[in-house]
Peer 1: 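Can you keep this structure in mind? I'll have questions shortly.
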Amino acid sequence: MEGFLQTSASKPMPEVKGLGLTPGNPFAPFVIGGFTIAGGALIVLLGLTLFAGSIDTRYTAGLVLMFVAVLAPIPLALLAIYSRNYVRIQRVLAGDHWAHWRYPVESRNGSEVYLGPLGVYWPERRRLRDFKSGLIEVEHMPDTLVFRYVYKQYSRYGSFAHKKEERVPIPFGKEDEAAELVKHFQTQLGIPSGFINDSWTIAWIMGGIIIAAVIVSILLVLPLEFTRQDIRNDAWSTQYAATRQAETALLQRDLQPILRVLEPQLDRLKAAGTREYDPADLGFPADANVQRVVTGFCVPSEAFYVLVWQETPTVEGFFGSRGVYHYVDGEWDYGCMPPLYQPDGLKTVTDDWNFVFLKGNTAIIATMLVEELQKTPTPEP
């Protein structure tokens, strides 16, 4: 009987390689091209990551290397899976089948069909029904073979099993062959198709490659990131030191006219005690950048302090604070100032003078407001 119970030994088989690189396989050029391009890109990116001239270039190349190493295996895995599946079609055509039926009138699936251990193949449609997750039943009807199988679909919500079937019309005179085929196919019950096995095998291999590539990329990129941060910190430190030096020079410059007026009067101001002065009363010229001067004594050290507010501060404050010149007679005390204020940072100007940033003491101010409100008589109705 023509075409019945042919085996893989009846005809020479095309060589089956790991990626399905067989003669006539339409996927083979894409597999070769894909792996060549991806491999070349990874080699170039790895070279740039290791040997590029600048840290930024090496770091960028490392990130792109990680991106390519994670994404490239996905299309390559799909190409390899479908390339290997096409090899099964080549095996069927080369003789790895149990029966080859032709129909006098073309059916909806085609004019011929191959049936064998690899599944049911319709040449006109290039469709190989390989019973994906396993053949569960073969039914021999008077004019049809019915193959029922399980097809599993996977999603983030889990796996879903669908029961599907493939119907193959039995040509006239092939009833005995059909009965024999049922026996052969019953030995295949519950066996997942090679497509499913390949999919899982290649997925695990590619997943391992992705994990290894990510680990290697991280090991390459992290030191580069630390180096970039060190370079940035050094640049920031250099810029900060230059800015601080420039600010100190400005503060020292603007302090000189204040010292010329106040230093000769410090003893007198200390004897006068806690007071607030108008700049003109202390001898500052009308165009001096001085708004007011406050003197007093610290608690509990009794050290004498002087605060000088400017019309336009030499250095602007931050977050609502106001910069003022601050002098303390004796041991330096950061909080030696009126209780209405609290310090919020400082810049050293000389051994005796600092430029302190002040904020209003909200607790003291709130207490004073409450006391004032309590003193205000309530109008009678």
Peer 1: Walk me through whether K270 and F297 qualify under side chain to side chain contact (heavy atoms under 4.5 Å, CB included).
Peer 2: CA-CA 9 Å; K270 183 176 182 180; F297 296 92; 4.1 Å; yes
Peer 1: What distance separates T22 OG1 from I89 CD1, expressed to the nearest 0.5 Å?
Peer 2: 10.5 Å
Peer 1: Check the pair L282, L269 against side chain to side chain contact (heavy atoms under 4.5 Å, CB included), reporting the backbone distance first and the verdict last.
Peer 2: CA-CA 10 Å; L282 297 174; L269 295 176; 3.7 Å; yes
Peer 1: Taking the side chain from S321 and the backbone from G317, do they hold a donor-acceptor pair closer than 3.5 Å?
Peer 2: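 No; zero donor-acceptor contacts below 3.5 Å.
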Peer 1: Fit a plane to each ring of F355 and F357, take the angle between them on a 0 to 90° scale, and name the class: parallel (under 30°), tilted (30 to 60°) or perpendicular (over 60°).
Peer 2: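 Because their plane-to-plane angle is over 60°, the rings of F355 and F357 count as perpendicular.
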Peer 1: When rounded to the nearest 0.5 angstrom, what distance separates CD in Q342 from CE in M337?
Peer 2: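 The distance works out to 9.5 Å.
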Peer 1: Which heavy atom of P171 sits nearest to which heavy atom of P169, and what is that distance?
Peer 2: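 Taking P171 first and P169 second, the nearest heavy atoms are CD-O, 3.5 Å.
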Peer 1: Go through the steps to decide whether E180 and K183 satisfy the test salt bridge (charged side-chain N to carboxylate O under 4.0 Å, His left out), and finish with yes or no.
Peer 2: CA-CA 5 Å; E180 288 294 325; K183 296 178 182 178; 3.7 Å; yes
Peer 1: Let me confirm one number: the CG-CG distance from L255 to L262, rounded to the nearest 0.5 Å.
Peer 2: 9.0 Å
Peer 1: Give the intermediate values and the outcome of side chain to side chain contact (heavy atoms under 4.5 Å, CB included) for residues L128 and F195.
Peer 2: CA-CA 10 Å; L128 176 63; F195 183 88; over 6 Å; no
Peer 1: Check whether Q90 reaches the backbone of P23 with its side chain - one donor and one acceptor, N or O, closer than 3.5 Å.
Peer 2: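 Side chain of Q90 to backbone of P23: a pair is present.
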Peer 1: With side chain to side chain contact (heavy atoms under 4.5 Å, CB included) as the test, would you mind laying out the steps for Q245 and T248 before giving the verdict?
Peer 2: CA-CA 5 Å; Q245 185 177 5; T248 301; 5.7 Å; no
Peer 1: So, does E175 use its side chain to make a donor-acceptor pair with the main chain of G173 at under 3.5 Å?
Peer 2: yes
Peer 1: Given side chains that start at C-beta, do those of L266 and V306 come closer than 4.5 Å, heavy atoms only?
Peer 2: yes
Peer 1: Counting heavy atoms not belonging to R126, are there more than 12 under 6.0 Å from its CZ?
Peer 2: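 No, CZ of R126 has 12 or fewer neighbouring heavy atoms, counting only those of other groups under 6.0 Å.
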Peer 1: Which heavy atom in R244 sits nearest to a heavy atom in T348, and how many Å separate them?
Peer 2: NH2-N, 4.2 Å
Peer 1: Could you check if a side-chain atom of Y325 sits within less than 4.5 angstrom of a side-chain atom of T314, using non-hydrogen atoms only?
Peer 2: yes
Peer 1: To check you understand the geometry: which heavy-atom pair defines the closest contact between G20 and A28, and what is its length?
Peer 2: O-CB, 4.4 Å
Peer 1: Are L189 and L181 joined in one hydrophobic group, where the rule is that I, L, V, M, F, W and Y side chains link up if heavy atoms are under 4.5 Å apart?
Peer 2: yes
Peer 1: For residues V138 and F131, determine if any side-chain heavy atom of one lies less than 4.5 Å from a side-chain heavy atom of the other.
Peer 2: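 Contact flag for V138/F131 side chains = no.
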Peer 1: Does the T295 side chain pair with the main chain of G273, one donor and one acceptor, at a distance under 3.5 Å?
Peer 2: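 Confirmed, T295 side chain pairs with G273 backbone.
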Peer 1: Does some side-chain heavy atom of F35 sit less than 4.5 Å from a side-chain heavy atom of L19?
Peer 2: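 In short, these two side chains touch, coming nearer than 4.5 Å.
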Peer 1: I'd like to know if the side chain of T49 reaches the main chain of G62, judged simply by a donor and an acceptor atom lying under 3.5 Å from each other, with no hydrogens or angles considered.
Peer 2: yes
Peer 1: Do F284 and P257 come within less than 4.5 Å of each other through their side chains, counting heavy atoms only?
Peer 2: no
Peer 1: Which residues satisfy the side chain to side chain contact (heavy atoms under 4.5 Å, CB included) test with A41, sequence neighbours excluded?
Peer 2: none
Peer 1: Kindly assign one of parallel, tilted or perpendicular to the pair F185 and W98, based on the angle between their ring planes and the thresholds 30° and 60°.
Peer 2: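 F185 vs W98 ring planes: perpendicular.
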Peer 1: Measuring only between side-chain heavy atoms, which start at C-beta, is P343 closer than 4.5 Å to Y341?
Peer 2: no
Peer 1: Please round to the nearest 0.5 Å and tell me the distance separating atom CG of N197 and atom CD1 of I191.
Peer 2: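 CD1 of I191 is found 9.5 Å from CG of N197.
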Peer 1: Please answer whether the main-chain N or O of L135 pairs with a side-chain N or O of Q188 as donor and acceptor at a distance below 3.5 Å.
Peer 2: no
Peer 1: If I take atom CG from residue N25 and atom CZ from residue F30, how far apart are they, to the nearest 0.5 angstrom?
Peer 2: 10.5 Å
Peer 1: Same cluster or not: are I205 and I81 linked, directly or through other Ile, Leu, Val, Met, Phe, Trp or Tyr residues, by side-chain heavy atoms under 4.5 angstrom apart?
Peer 2: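 As far as the 4.5 Å side-chain criterion goes, I81 and I205 are connected within one cluster.
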Peer 1: Would a distance-only check, ignoring hydrogens and angles, find a side-chain to backbone donor-acceptor pair under 3.5 Å from D96 to L118?
Peer 2: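 Not a single qualifying donor-acceptor pair exists.
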Peer 1: Decide yes or no for W101 and K174: does some side-chain heavy atom of the first lie under 4.5 Å from some side-chain heavy atom of the second?
Peer 2: yes
Peer 1: If only atom types and distance count, is the side chain of T60 paired as donor or acceptor with the main-chain N or O of T57 below 3.5 Å?
Peer 2: no
Peer 1: Which atoms form the tightest heavy-atom contact between P279 and R292, and what is the distance?
Peer 2: CG-N, 4.0 Å
Peer 1: Regarding D198 and R88, does a basic nitrogen lie under 4.0 Å from an acidic carboxylate oxygen?
Peer 2: yes
Peer 1: Classify the ring geometry of Y103 against W122: parallel below 30°, tilted from 30° to 60°, perpendicular beyond 60°.
Peer 2: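 Geometry flag for W122 against Y103: parallel rings.
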Peer 1: Check whether N354 reaches the backbone of H326 with its side chain - one donor and one acceptor, N or O, closer than 3.5 Å.
Peer 2: no
Peer 1: So, using side chain to side chain contact (heavy atoms under 4.5 Å, CB included) as the criterion, who are the partners of P285 when residues are at least two apart?
Peer 2: D287, A288
Peer 1: Determine, for D130 against K132, whether the closest basic-nitrogen to carboxylate-oxygen distance falls under 4.0 angstrom.
Peer 2: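 Yes, D130 and K132 are salt-bridged.
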Peer 1: For the backbone of V349 and the side chain of Q252, can you confirm whether one donor and one acceptor N or O come within less than 3.5 Å of each other?
Peer 2: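 Such a contact is found between Q252 side chain and V349 backbone.
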Peer 1: More than 12 heavy atoms of other residues, nucleotides or ligands under 6.0 Å from CG of D351: yes or no?
Peer 2: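 Atom CG in D351 is not packed in, count stays at 12 or less.
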Peer 1: Tell me if the CD atom of Q256 is crowded by more than 12 foreign heavy atoms within 6.0 Å.
Peer 2: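 Enclosed.
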Peer 1: Ignoring hydrogens and angles, write down the donor-acceptor pairs under 3.5 Å from the side chains of residues 213-225, residues two or more places apart or on other chains.
Peer 2:
residue	atom	partner	partner atom	Å
S217	OG	A213	O	2.7
E225	OE1	Y59	OH	3.2
E225	OE1	R228	NH1	2.9
E225	OE2	Q229	NE2	2.8

Peer 1: Rounded at 0.5 Å granularity, tell me how far CZ in R322 sits from CG in L307.
Peer 2: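 R322 CZ to L307 CG: 11.5 Å, rounded to 0.5 Å.
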Peer 1: Check whether any side-chain heavy atom of L145 lies under 4.5 Å from a side-chain heavy atom of V120, and answer yes or no.
Peer 2: no
